[in-house]
Protein chains: 2
Amino acid sequence: MKTDSPDPEGLMLPVPGVDYGPLDGLLGYALRRAQNALYLDFYRATAEWDVSPQRFAALVLIARNPGLRQGLLAQAMGLHRSGALRLTDWLTAQGWAERRDAPDDARAWGLHLTPTGKRRLAKLEAAVAEHDRALLAALGEQGIALKAGLDRLAWVATAQSTAPDNKHRRPKP
Amino acid sequence: MKTDSPDPEGLMLPVPGVDYGPLDGLLGYALRRAQNALYLDFYRATAEWDVSPQRFAALVLIARNPGLRQGLLAQAMGLHRSGALRLTDWLTAQGWAERRDAPDDARAWGLHLTPTGKRRLAKLEAAVAEHDRALLAALGEQGIALKAGLDRLAWVATAQSTAPDNKHRRPKP
DNA sequence: TATTGTTATACTCTATAACTATA
DNA sequence: TATAGTTATAGAGTATAACAATA
């Protein structure tokens with residue numbers, strides 16, 4: 001018998017012969033498909049750094065806000081404190097970032113990139129920017145409109161779910 | 001001392017005073033922010049059914065393609081076989097769906113909604129459709145363009161990452 | 001009394017690998 | 001020999017809860 005070979009997982013391609021019903025018309029499903037594709041493409045474009053999109057975002061935030069607190073990082077990324085801790089642990093273990101004492105609060109850390117991290121991030125940022133440019137180029141003028149539409153959608157959906165007459169229900173508390 | 005109360009996690013709101021650097025300009029980051037917001041809003045709008053967006057998609061696929069194989073479900077959703085198994089386990093355990101013998105292949109299952117599942121899905125689909133309509137309404141004519149842009153982006157990003165001159169590297173194999 | 005970060009723990013999601021029973 | 005599904009396991013990711021040190 002043949003031992004299972006790894007399948008090319010993750011590609012959320014439309015399967016011929018399968019009826020997607022209302023999914024094809026939903027904004028939310030289109031968003032998921034797009035994010036799935038973009039996620040895989042991000043990995044391809046940044047393979048040599050082995051950094052997930054989320055970790056990339058954390059690196060940029062630390063780089064642009066030297067001394068950033070873990071708590072603020074969590075808030076900016078929509079994470080729990082403990083999530084920011086794990087994230088920071090990984091970044092420090094990989095040599096990207098380091099914790100230094102915060103000058104004004106003995107409880108807190110200030111997060112900083114290491115010199116190595118700065119050097120690596122410069123190249124990684126360039127690769128990500130190039131990746132994004134390639135996508136925008138392929139989309140043409142639709143790309144600009146898309147970006148604007150996404151920014152607005154984030155705003156609208158947030159307004160909708162935090163409207164005062166709506167019950168808040170977080171996923172699986 | 002006060003025992004920790006659960007924080008309102010998951011909202012990826014821009015934090016005042018934090019510099020997001022290049023993130024604000026990236027298509028990929030805009031996509032992530034939008035999906036984050038939409039995800040939370042989906043949960044709010046469908047709270048009484050306790051079904052995630054992904055499980056909702058599975059239900060629709062089974063409903064529109066009675067007798068669907070687990071393997072095809074996996075393919076359509078970009079999952080591994082074992083992922084479709086877990087998903088199906090959950091759907092059957094909750095009374096949404098059931099496995100029946102496939103008429104033409106003794107190895108395979110045919111997936112079907114239960115009568116209860118059909119009844120529940122009708123209402124859930126209506127709630128999701130209404131949720132989507134509300135978003136589109138709030139976006140105005142930008143919404144139509146956004147939907148089209150997302151469809152195209154999924155296509156473009158897929159083409160980019162599956163181009164013959166690009167190395168395939170799946171995330172963390 | 002509240003906040004920052006930590007530890008310990010648990011649950012979800014999703015993958016890999018090896019297995020079975022069919023084909 | 002290949003395919004459909006299963007089992008067992010492992011690794012992310014992210015949450016909760018209780019805690020220490022500091023504010």
Side-chain angles (χ1 to χ4, degrees), chain A residues 1-12 32 36 39-40 43 50-55 57-58 67-75 77-94 99-111 169-173, chain B residues 1-12 32 36 39-40 43 50-55 57-58 67-75 77-94 99-111 169-173:
Chain A
M1 73 300 222
K2 174 202 169 208
T3 81
D4 273 358
S5 60
D7 304 350
E9 242 57 60
L11 319 176
M12 234 176 91
R32 186 165 151 69
N36 172 262
Y39 180 82
L40 294 170
Y43 266 105
D50 198 32
V51 165
S52 71
Q54 201 199 18
R55 284 166 178 168
L68 188 69
R69 305 284 193 275
Q70 271 184 210
L72 254 187
L73 180 63
Q75 206 182 317
M77 303 193 57
L79 295 175
H80 191 267
R81 307 201 290 292
S82 60
L85 168 87
R86 304 282 207 139
L87 185 53
T88 305
D89 281 351
W90 188 91
L91 295 176
T92 56
Q94 303 296 315
R99 291 175 166 104
R100 297 189 202 151
D101 285 330
D104 56 324
D105 190 334
R107 296 170 301 180
W109 298 113
L111 300 180
R169 175 185 165 273
R170 270 168 299 120
K172 310 245 134 196
Chain B
M1 76 301 227
K2 176 201 169 206
T3 82
D4 273 358
S5 60
D7 305 350
E9 242 58 61
L11 319 175
M12 234 175 89
R32 185 165 151 70
N36 173 262
Y39 180 82
L40 294 170
Y43 267 104
D50 198 31
V51 165
S52 71
Q54 200 198 19
R55 284 165 178 168
L68 188 70
R69 304 284 193 275
Q70 271 184 210
L72 255 189
L73 180 64
Q75 207 182 317
M77 303 192 56
L79 294 174
H80 189 268
R81 312 201 288 293
S82 61
L85 168 88
R86 303 284 205 140
L87 185 53
T88 306
D89 281 351
W90 188 89
L91 295 175
T92 56
Q94 302 295 316
R99 291 177 167 104
R100 296 189 203 153
D101 286 330
D104 56 324
D105 189 334
R107 297 170 301 181
W109 297 114
L111 301 180
R169 176 185 164 273
R170 271 166 299 118
K172 311 242 134 196

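Every chain is numbered from 1, with letters handed out A, B, ... down the list of sequences. The shown structure was predicted, so the numbers you read here are calculated from the model rather than taken from an experiment.
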Fill in: Base of dT4(C) paired with side chain of Arg81(A) (donor-acceptor, under 3.5 Å)
no
Worksheet item: Distance check: side-chain N/O of Gln70(A) vs OP1/OP2 of dT6(C), anything under 4.0 Å?
Response: yes
Discussion item. Can you work out whether Ala106(A) or Leu68(B) has the more 5'-proximal nearest nucleotide on DNA chain D?
Written reply: Leu68(B)
Worksheet entry | Heavy-atom side-chain proximity of Leu87(A) to Met77(A) below 4.5 angstrom | yes
Response to the item:
Of the candidates dT22(D), dC13(C), dG5(C), the side chain of Arg55(B) sits closest to dC13(C)
Item to complete: With heavy atoms under 4.0 Å as the rule, sort Gly83(A) into base, sugar-phosphate or nothing.
Response: nothing
Fill in: Distance in angstrom units between Gln75(B) CD and dT14(C) C1', rounded
17 Å
Worksheet item: Does Gln94(B) reach the side chain of Asp50(B), with side-chain heavy atoms less than 4.5 Å apart?
Response: no
Worksheet item: Taking for each residue the nucleotide of DNA chain C bearing the nearest heavy atom, is the 5' side occupied by Leu85(A) or by Arg107(A)?
Response: Arg107(A)
Worksheet, complete the sentence: To the nearest angstrom, the CG-C1' distance between Leu91(A) and dG13(D) comes to 14 Å
Practice prompt. Figure out the CG/P separation between Leu11(B) and dT14(D), and round it to whole Å.
Written response: 14 Å
Practice prompt. To the nearest Å, give me how far apart CH2 (Trp90(B)) and C1' (dT14(C)) are.
Written response: 17 Å
Fill in: Separation of dT14(D) P from Tyr43(B) OH (nearest whole Å)
14 Å
Discussion item. Using a 3.5 Å distance criterion without hydrogens, assess whether the side chain of Asn36(A) forms a donor-acceptor pair with backbone atoms of Gly10(A).
Written reply: yes
Discussion item. Base of dT7(C), side chain of Ser82(A) - is there a donor-acceptor contact under 3.5 Å?
Written reply: no
Worksheet item: To the nearest angstrom, how far is His80(A) atom NE2 from dA10(C) atom C1'?
Response: 14 Å
Item to complete: Please state whether the phosphate of dT12(C), meaning OP1 or OP2, lies under 4.0 angstrom from any side-chain nitrogen or oxygen of Gln54(B).
Response: no
Worksheet item: Rounded to the nearest Å, what distance is computed from the CG atom of residue Asp105(B) to the P atom of nucleotide dT20(C)?
Response: 19 Å
Practice prompt. For dT6(D), take OP1 and OP2 only and decide whether either is under 4.0 Å from a side-chain N or O of Trp109(B).
Written response: yes
Worksheet item: Quick one: does Leu111(A)'s side chain get under 4.5 Å of Arg99(A)'s, heavy atoms only?
Response: yes
Discussion item. Please check: side-chain N/O of Arg69(B) versus main-chain N/O of Gly67(B), any donor-acceptor pairing under 3.5 Å?
Written reply: yes
Worksheet entry | Distance-only donor-acceptor test, Arg86(A) side-chain atoms vs dT14(D) base atoms, 3.5 Å | yes
Discussion item. What is the distance, to the nearest angstrom, from the CG atom on Asn36(A) to the C1' atom on dC13(C)?
Written reply: 14 Å
